[in-house]
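Heads up, the thing below is written out as structure tokens.
Throughout, numbering of the chain's residues begins at 1 and tracks the sequence.
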Amino acid sequence: LKVSAHVDTVTDYRIALKAGVNEIAHLPGYYIDLNDDPHKYELTEEDAKETAKRGVWVDIAPVAFEYLDPQSPSFKPEVEKRTDNVRVRNLKLLKRYKVKIAFGSDRYGSTPVNDVIYLQKLGVFSNLAMLKIWCEDTPRSIFPNRKIGLLKDGYEASFLVLDGNPLINFGEVKNIRLRFKQGYFLDALK
């Protein structure tokens with residue numbers, strides 16, 4: 001079975017790596033309060049190298065999203081700035097060492113769409129890289145033995161048709177026109 005560990009600090013992250021997990025859920029520092037030391041959430045180059053070497057997936061899920069969403073009554077701009085500084089630093093480090101990244105949400109009853117749009121605004125990955133992580137890598141991390149996430153012969157025909165081009169405007173990922181699951185037109189079932 002695949003083993004996933006939820007982490008908060010970089011110490012948690014290192015313990016999970018040493019324990020031999022397959023996936024680390026969350027990036028250290030998903031919420032850094034004003035009286036919290038940001039350094040306890042910062043990954044090192046050695047952490048990133050070891051993660052890549054072991055082939056461990058890191059599932060980026062912002063978790064404390066309500067504190068980072070300007071539309072939320074719980075929004076804290078100072079916390080957002082501190083958290084984003086560490087998040088961007090950690091993501092750039094993982095990207096540099098080609099660590100396997102997946103996207104997810106840690107909010108029950110919610111898809112990761114708002115989390116992914118939030119992460120895209122950080123500017124670490126291009127729109128194309130964001131789509132590849134979300135549409136190709138994430139499904140393969142969840143279902144490693146299935147042929148999914150690509151439009152190729154022999155792969156499951158599960159895909160969305162969007163109204164606009166997310167390579168130009170990433171927000172178009174919310175404008176779904178058609179849905180197909182294993183070749184079946186889902187909207188026709190309504």
Side-chain angles (χ1 to χ4, degrees), residues 2-127 129-134 137-138 141-142 170-171 173-174:
K2 212 166 126 174
V3 176
S4 179
H6 284 239
V7 303
D8 179 22
T9 67
V10 76
T11 301
D12 299 336
Y13 188 100
R14 290 177 186 143
I15 290 169
L17 270 182
K18 285 181 184 175
V21 301
N22 305 97
E23 176 186 53
I24 294 177
H26 311 306
L27 195 58
Y30 52 81
Y31 177 86
I32 304 173
D33 207 348
L34 298 178
N35 54 1
D36 211 353
D37 179 10
H39 297 296
K40 73 180 188 183
Y41 303 104
E42 294 176 348
L43 296 172
T44 64
E45 290 203 17
E46 191 55 43
D47 295 325
K49 284 181 194 175
E50 189 64 22
T51 305
K53 177 181 159 189
R54 291 177 183 246
V56 174
W57 286 89
V58 178
D59 186 345
I60 311 301
V63 181
F65 187 75
E66 63 275 6
Y67 297 103
L68 308 174
D69 178 7
Q71 307 304 319
S72 169
S74 304
F75 177 62
K76 295 182 179 179
E78 307 86 11
V79 169
E80 178 191 40
K81 183 177 181 186
R82 292 168 59 85
T83 301
D84 284 352
N85 286 340
V86 172
R87 183 175 283 137
V88 166
R89 181 191 176 285
N90 286 343
L91 285 172
K92 285 181 177 179
L93 200 55
L94 296 177
K95 178 182 171 185
R96 184 176 336 133
Y97 287 97
K98 298 177 175 44
V99 170
K100 297 188 292 185
I101 293 174
F103 294 143
S105 176
D106 202 36
R107 292 183 320 277
Y108 294 106
S110 175
T111 71
V113 70
N114 289 328
D115 304 77
V116 174
I117 288 172
Y118 180 82
L119 292 169
Q120 184 271 339
K121 290 177 182 173
L122 296 177
V124 176
F125 300 100
S126 69
N127 289 358
M130 292 290 295
L131 289 170
K132 285 183 165 290
I133 292 168
W134 198 9
D137 300 340
T138 299
S141 78
I142 299 167
F170 197 78
V173 297
K174 285 186 161 186

Legend entry - Atom of E42, atom of R14 and distance for their closest heavy-atom approach: O-NH2, 4.3 Å
Legend entry - Donor-acceptor contact below 3.5 Å, side chain T83 vs main chain I32: yes
Legend entry - R87 side-chain N/O to L122 backbone N/O, donor-acceptor pair under 3.5 Å: no
Legend entry - Separation between OG1 of T138 and NZ of K100, rounded to the nearest 0.5 Å: 12.0 Å
Inset, instruction - Would you name the heavy atoms of I117 and K174 that are closest together and state the gap between them? - result: CD1-CE, 3.7 Å
Legend entry - For K76, side-chain hydrogen bond (donor to acceptor under 3.5 Å, both in side chains) partners two or more places apart: Y31
Inset, instruction - Specify the closest pair of heavy atoms between E23 and S4, including all atoms of both residues, with the distance to one decimal. - result: OE1-OG, 3.0 Å
Legend entry - Heavy-atom pair with the smallest gap, counting every atom of V86 and P38: CG2-CB, 3.9 Å
Legend entry - Nearest non-hydrogen partners of D59 and F103, listed with the distance: OD1-C, 3.2 Å
Legend entry - Distance (rounded to the nearest 0.5 Å) between Y97 OH and E46 CD: 8.5 Å
Legend entry - With Y41, the side chain to side chain donor-acceptor pair (under 3.5 Å) member among T11, D36, N90: D36
Inset, instruction - Spell out, as yes or no, whether a donor-acceptor pair under 3.5 Å connects the side chain of K92 to the backbone of V124. - result: no
Legend entry - Pairwise distance OG1(T44) to OH(Y13) - rounded to 0.5 angstrom: 9.0 Å
Inset, instruction - Verify the distance criterion only: is there a donor paired with an acceptor across the side chains of Y118 and D84 at less than 3.5 Å? - result: yes
Inset, instruction - Apply the test side chain to side chain contact (heavy atoms under 4.5 Å, CB included) to residues E50 and R54: give CA-CA distance (whole Å), side-chain angles for both, the deciding distance (0.1 Å), then the verdict. - result: CA-CA 6 Å; E50 189 64 22; R54 291 177 183 246; 2.5 Å; yes
Inset, instruction - List for me each residue that meets side-chain hydrogen bond (donor to acceptor under 3.5 Å, both in side chains) alongside S126, sequence neighbours excluded, and say none if there are none. - result: none
Inset, instruction - Please test N127 against Q120 for side chain to side chain contact (heavy atoms under 4.5 Å, CB included), starting from the C-alpha separation and ending with a verdict. - result: CA-CA 7 Å; N127 289 358; Q120 184 271 339; 2.8 Å; yes
Inset, instruction - State whether the number of non-hydrogen atoms from other residues, nucleotides or ligands found under 6.0 Å of K132 atom NZ is greater than 12. - result: no
Inset, instruction - Look at the side chain of D12 and the backbone N and O of A5, then say whether any donor-acceptor pair between them is shorter than 3.5 Å. - result: no
Legend entry - Expected output: side-chain N22 to main-chain V3 donor-acceptor under 3.5 Å: yes
Legend entry - Flag, side chain of D47 to backbone of L43, donor-acceptor distance under 3.5 Å: no
Legend entry - Evaluation steps, salt bridge (charged side-chain N to carboxylate O under 4.0 Å, His left out), between E45 and R96: CA-CA 9 Å; E45 290 203 17; R96 184 176 336 133; 3.1 Å; yes
Legend entry - Sole residue of I101, L119, L131 in side chain to side chain contact (heavy atoms under 4.5 Å, CB included) with F125: I101
Legend entry - Distance, nearest 0.5 Å, that separates CD1 of I60 from CD1 of I133: 8.5 Å
Legend entry - Main-chain N/O of K40 paired with T9 side-chain donor or acceptor, under 3.5 Å: no
Legend entry - A48 versus V99, closest heavy-atom pair with distance: O-CG2, 3.6 Å
